[in-house]
Amino acid sequence: MVRITEAEARSILTPQRSGALDGAYAFTLNPYRGCAFGCSYCYAKWFTHHTDLEQSWGSWVRPKLNAPELLYHQAHKLAGASVFMSSATDPYQPAERRHRLSRACLEVMLSMLPGPAKVTVHTRSPFVLDDLDLLLRFGERVQVGVSVTMDDDGVRRLFEPHAPSIERRLETVAALTRAGVRTRVSVSPVLPSNPRRLARLVSEVTTRAFVDPIRFPRPEGYGREIYSAHHLGRFLRPGHADAVARELRTALGEENVYYHPRK
Ligand code: SF4
């Protein structure tokens, strides 16, 4: 049971000055606080700065009801800028079906003249297809990234039990690509998989991929215990992410796979 509490935000655009998105995007945009998918490894729970919210991550969502209005008043910042939606929530989690905040934010950005030069929508959810009409209106300025972190739905149930199945995600990418939307698959973080099979599945639905190894900046929790409980420890070796990137590069071409190896 996910507790939904409507809220008002003070701001909606977060400048990117550090972290994985620094340099690639000027702003991140999160229409929701919290995420019903509650992935075991999710780093966004740390950003709550609140022990109860961190520990109950996945069981609460706060739709930011004024997100579109706040965004509308930031038009001067977005002219020619790049926006990542979203870094700390899934913009197409089930609450979006009721609140339509991600849709409204896309509509606001489309109405800006000049608007953002680049918008990346990042999700695990087929509900992104609800907004295909808007995505097509962005043309080359938009790309949709869908996280496909493994090739096996049994493994997915261990790490991401409340998120859509691998099959539905792949079908979503395929539908977007067929419709003419620029797509990529994000293997981020790299979870246990058969690299060759994963690369084959990805290459059937898109031409580009992003690969990022799993990191554990904190010693406790965040999915690490799942590896030992299910004898998956071998997939934590850096060689596994290297193999995933190698197979994807073979399938998609070197230039179409971004890989940032773990140091
Ligand atoms: S979908 Fe993204 S934001 Fe939501 S819990 Fe999973 S990793 Fe975190």
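In what follows, residues are counted from 1 in the order of the sequence shown. Each ligand, and each atom within it, is numbered from 1 in the order the structure gives.
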Taking non-hydrogen atoms only, is [X] closer than 4.0 angstrom to ligand 1 via side chain, backbone, both or neither?
{"X": "Glu160", "result": "neither"}
{"X": "Cys39", "result": "both"}
{"X": "Tyr43", "result": "neither"}

(message) Side chains of Ser125 and Gln93: any donor to acceptor distance under 3.5 Å?
(response) no
(request) Report yes or no: do Asp242 and Tyr259 form a side-chain donor-acceptor pair below 3.5 Å? (result) yes
(message) Strictly under 2.8 Å, is atom 4 (Fe) of ligand 1 approached by any N, O or S atom of Cys42?
(response) no
(request) Identify whether the distance between the nearest side-chain nitrogen and carboxylate oxygen of Asp133 and Arg137 falls below 4.0 Å. (result) no
(request) Decide if the gap between the ring center of Phe37 and the ring center of Tyr92 is smaller than 6.0 angstrom. (result) no
(request) Please assess Asn30 against Phe84 for the test side-chain contact (heavy atoms from CB on, under 4.5 Å), listing each intermediate value before the final yes or no. (result) CA-CA 9 Å; Asn30 292 285; Phe84 189 87; over 6 Å; no
(message) Please confirm whether Gly38 approaches ligand 1 to less than 4.0 Å, judged on its heavy atoms.
(response) yes
(request) Find all atoms of ligand 1 within a distance of less than 4.0 Å from any non-hydrogen atom belonging to Phe37, and give their numbers and elements. (result) 1 (S)
(message) Within the 4.0 Å heavy-atom shell around Trp57, which atoms of ligand 1 are there?
(response) 5 (S)
(message) Using side-chain contact (heavy atoms from CB on, under 4.5 Å), reason through Leu70 and Lys64 one step at a time and then give a plain yes or no.
(response) CA-CA 10 Å; Leu70 288 171; Lys64 301 176 185 175; over 6 Å; no
(message) Which residue and atom name correspond to the protein heavy atom nearest atom 2 (Fe) of ligand 1, and how close is it?
(response) Arg124 NH1, 3.5 Å
(message) Starting from atom 4 (Fe) of ligand 1, what is the nearest protein heavy atom, named by residue and atom, and what distance separates them?
(response) Cys35 SG, 2.3 Å
(request) Flag the pair Val190 / Val211 as yes when at least one side-chain heavy-atom distance between them is below 4.5 Å, and no otherwise. (result) yes
